[in-house]
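Below is one structure; the comments refer to it alone.
If you read the sequence from its start, that first residue is 1, and numbering goes on from there. Atom set for the values below is all heavy atoms of this structure, side chains included, hydrogens, waters and symmetry mates excluded.
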Amino acid sequence: MFWRLVPIAGFPQRGVVCPQNKLLISRLLSPERYNRALFRQGARMSIQWYPGHMHAARKQVAETMAKVDLVIEVVDARLPGSSTNPMIDQLRRARQRPALKILNKADLADPALNARWLEWFRAQPATSAILMGEDNKQGQARKLPQYCRELAPHRTGAEKPLRAMIMGIPNVGKSTLINVLMSRRIANVADTPGVTKSQQRVETGEGFILYDTPGLLWPKIERPESGYRLALAGSVGRNAYNEEDVAWFAVETLQQRYPQLLAARYKLDDLSLPADELFNQIGKKRGAVLGGGRIDRQKTAELILTDFRSGTLGRITLESPDDFLLPPEPLAPTDHTGSADEDIAE
C-alpha cells in the first residue's frame, strides 16, 4: 500500500504516518477504512480538552493554594497515572504542600494493581495514598480529616482549623465524596465532565475546612494513551474524541491485559484478530446490526464504553506504574480537540 512509517526512538514497534501519505490515503479510502488503517499502524490521535472555565479555575486554584495546608487529589484507580494532574503537582510543590492521593473507584480496579499504585504514590515525597470505592466510601470519608492531620499535624482544633483543597480531573467522583463526607448534598453530581465550574468553601464543623474546586485537566496531555484512557473513563468532553476510536483502543487494551474478561463478556472465540475486527464481532454478538447486516458502529462503541465505565467488564486497571517509566511518545495530529469554549451539558 502507500504507507511509509517514521520510527519513534525507543518505540520500534510503533510509528506515525507521514503527513503527505496520510493525506493521500485519506483521499483513497473511506473514513471507516482510513481510521482502521491508521489504528492498525499504531497511529494515535491526540485527545485534548481544556475548556475556558478550566483556565479560569487554574488561576483561582493557584491563589487558593497559598491559604491551604495540604492538597487532596482524587484520581481514578483504573488509570491512576493518567488521571494524576501534573499541573496540580506543580502548584503544590511550588507552595511546599503535602498531598493525599485518593484512588477512587478502587472497587472497579484490579486489586493487584491497586496495591502497586498505592506503593508508587506513597514512595513520592510528602505524599500519602488511600483506596476508596463504593464498598468503603462511607468509612474512608469519615477518616478523611484523620488522614489529612497526619500530613499536617500542626493544624488542630477550631483555632487552627485544617485547611485542605480537594482537586481532581472531571468525573472522578470528587463531588460524590464531598457529599458523603458532609452527609448531605453540597456539590452537584453528574455522569458528564465539567459540572462543577466554580470553587466553593465547605466546613465540616470539626476544625476541617475543604475548598472544593472544579474538575481540572491540563493544557496538553503529553501521552496519547493517557488521552485515550481519560476519554474511556468519561473524563473529557464528548466533542474531544471519536467514540469508535476510543472503543477500538479499549478492545486492544483488554486484548493485551485482560483477554479472559474480554472473551467472557462478549463470547469471543479468537482473540488473535485485530482489535477493529473484534469490535465488529462484539457489535454482531450484541445485536448492534443495521440493515443488510452492517454493524452499527456507533452503538457498538457506546456499548463498549458503557461496559467499561459501569464495571460490567470486571475489575480492570488500564495501566501500571511501569507504563510511566518511559518518556511519552510524540503526539499525532488530530481533528478531535475540544474547543476552549465548549459547553458541557449540566
Side-chain angles (χ1 to χ4, degrees), residues 51 53-54 56-58 60-61 64-65 67-80 83-85 88 92 99-109 114 128-152 155 158 161-217 230 233-237 306 308-311 343-346:
H53 76 272
M54 289 188 186
R58 191 257 183 222
Q60 190 175 14
V61 163
T64 306
M65 189 72 72
K67 307 175 185 177
V68 301
D69 304 299
L70 78 154
V71 171
I72 303 169
E73 184 176 11
V74 184
V75 302
D76 191 323
R78 300 167 299 176
L79 48 150
S83 58
T84 295
N85 190 330
I88 294 175
R92 76 170 183 87
L100 173 64
K101 302 276 188 177
I102 298 179
L103 280 69
N104 198 29
K105 306 183 184 181
D107 55 316
L108 303 180
N114 279 344
S128 184
I130 62 172
L131 297 176
M132 185 175 291
E134 290 303 317
D135 53 343
N136 71 345
K137 192 178 294 289
Q138 294 280 350
Q140 288 289 64
R142 283 194 295 269
K143 293 179 182 178
L144 196 57
Q146 172 189 331
Y147 293 134
C148 291
R149 286 192 174 94
E150 290 173 0
L151 290 168
R155 304 294 299 189
L162 179 61
R163 303 157 301 178
M165 184 184 298
I166 185 165
M167 307 179 71
I169 62 170
N171 208 23
V172 76
K174 178 172 56 65
S175 296
T176 301
L177 170 59
I178 292 173
N179 291 339
V180 171
L181 176 66
M182 299 300 296
S183 300
R184 65 183 189 275
R185 185 183 180 90
I186 297 293
N188 292 327
V189 178
D191 290 332
T192 55
V195 171
T196 304
K197 293 187 177 181
S198 61
Q199 193 175 111
Q200 63 177 334
R201 185 176 185 268
V202 180
E203 295 190 32
T204 68
E206 301 175 357
F208 186 47
I209 299 173
L210 272 179
Y211 290 88
D212 180 25
T213 62
L216 283 177
L217 288 175
L230 288 165
S235 293
V236 300
T306 299
F308 172 78
R309 292 169 184 172
S310 65
D343 188 24
I344 302 299
E346 294 288 330

task: Quick one: closest heavy-atom pair of Ser83 and Val75, and the distance?
output: OG-CB, 3.4 Å
- prompt: Looking only at atom types and distance, does a side-chain atom of Ser128 sit under 3.5 Å from a main-chain N or O of Leu100, one as donor and one as acceptor?
  reply: no
field: side chain to side chain contact (heavy atoms under 4.5 Å, CB included) evaluation trace for Thr213 with Ile166
entry: CA-CA 6 Å; Thr213 62; Ile166 185 165; 5.7 Å; no
task: Carefully, step by step, assess Ile130 and Leu103 under the rule side chain to side chain contact (heavy atoms under 4.5 Å, CB included).
output: CA-CA 6 Å; Ile130 62 172; Leu103 280 69; over 6 Å; no
message: Run the side chain to side chain donor-acceptor pair (under 3.5 Å) test against Lys105 and tell me which residues pass, sequence neighbours left out.
response: none
Main-chain N/O of Asn85 paired to Glu73 side chain as donor or acceptor, under 3.5 Å: yes
field: Shortest non-hydrogen separation from Leu151 to Ala99 and the atoms involved
entry: CD1-O, 3.5 Å
query: Any side-chain heavy atom of Leu162 sitting closer than 4.5 Å to one from Pro145?
result: no
message: I'd like to know whether Val61 forms a side chain to side chain contact (heavy atoms under 4.5 Å, CB included) with Met167, so could you lay out the CA-CA distance, the side-chain angles of the two residues, the decisive distance to 0.1 Å, and finally the verdict.
response: CA-CA 9 Å; Val61 163; Met167 307 179 71; 3.3 Å; yes
query: Below 4.5 Å, heavy atoms only, C-beta onward: do Leu144 and Ile102 meet side chain to side chain?
result: yes
- prompt: Taking only residues two or more places apart in sequence or in another chain, which ones pass side chain to side chain donor-acceptor pair (under 3.5 Å) with Thr64?
  reply: Gln199
message: Restricting to non-hydrogen atoms, name the atom on Ala233 and the atom on Arg78 that form the minimum distance, rounded to 0.1 Å.
response: CB-NH2, 4.1 Å
In a table with atom names and distances, give each donor-acceptor pair under 3.5 Å that connects a side chain of residues 133-143 to protein atoms at least two apart or in another chain.
residue	atom	partner	partner atom	Å
Asn136	OD1	Gly133	N	2.7
Lys137	NZ	Asn104	OD1	3.0
Gln140	OE1	Tyr147	OH	2.7
Gln140	NE2	Leu131	O	2.9

Any Lys101 side-chain heavy atom under 4.5 Å of Pro80 side chain: no
Sidechain-backbone polar pair: Ser235 side chain, Ile169 backbone, donor-acceptor under 3.5 Å: no
Closest non-hydrogen atom pair between Ala106 and Ala77, with its separation: CA-CB, 3.7 Å
query: Which pair of heavy atoms, one from Leu108 and one from Gly311, lies closest together, and at what distance?
result: CD2-CA, 4.0 Å
task: Please identify each residue that fulfils salt bridge (Lys or Arg N to Asp or Glu O under 4.0 Å) with Arg163, with sequence neighbours left out.
output: Asp69
Pairing residues for Arg201 by the salt bridge (Lys or Arg N to Asp or Glu O under 4.0 Å) criterion, not counting sequence neighbours: Glu203
Shortest non-hydrogen separation from Gly168 to Ile88 and the atoms involved: N-CD1, 4.2 Å
- prompt: How about Leu181 and Leu210: do any of their side-chain heavy atoms sit closer than 4.5 Å?
  reply: yes
Residues that Arg92 engages under salt bridge (Lys or Arg N to Asp or Glu O under 4.0 Å), provided they are two or more places apart: Asp89
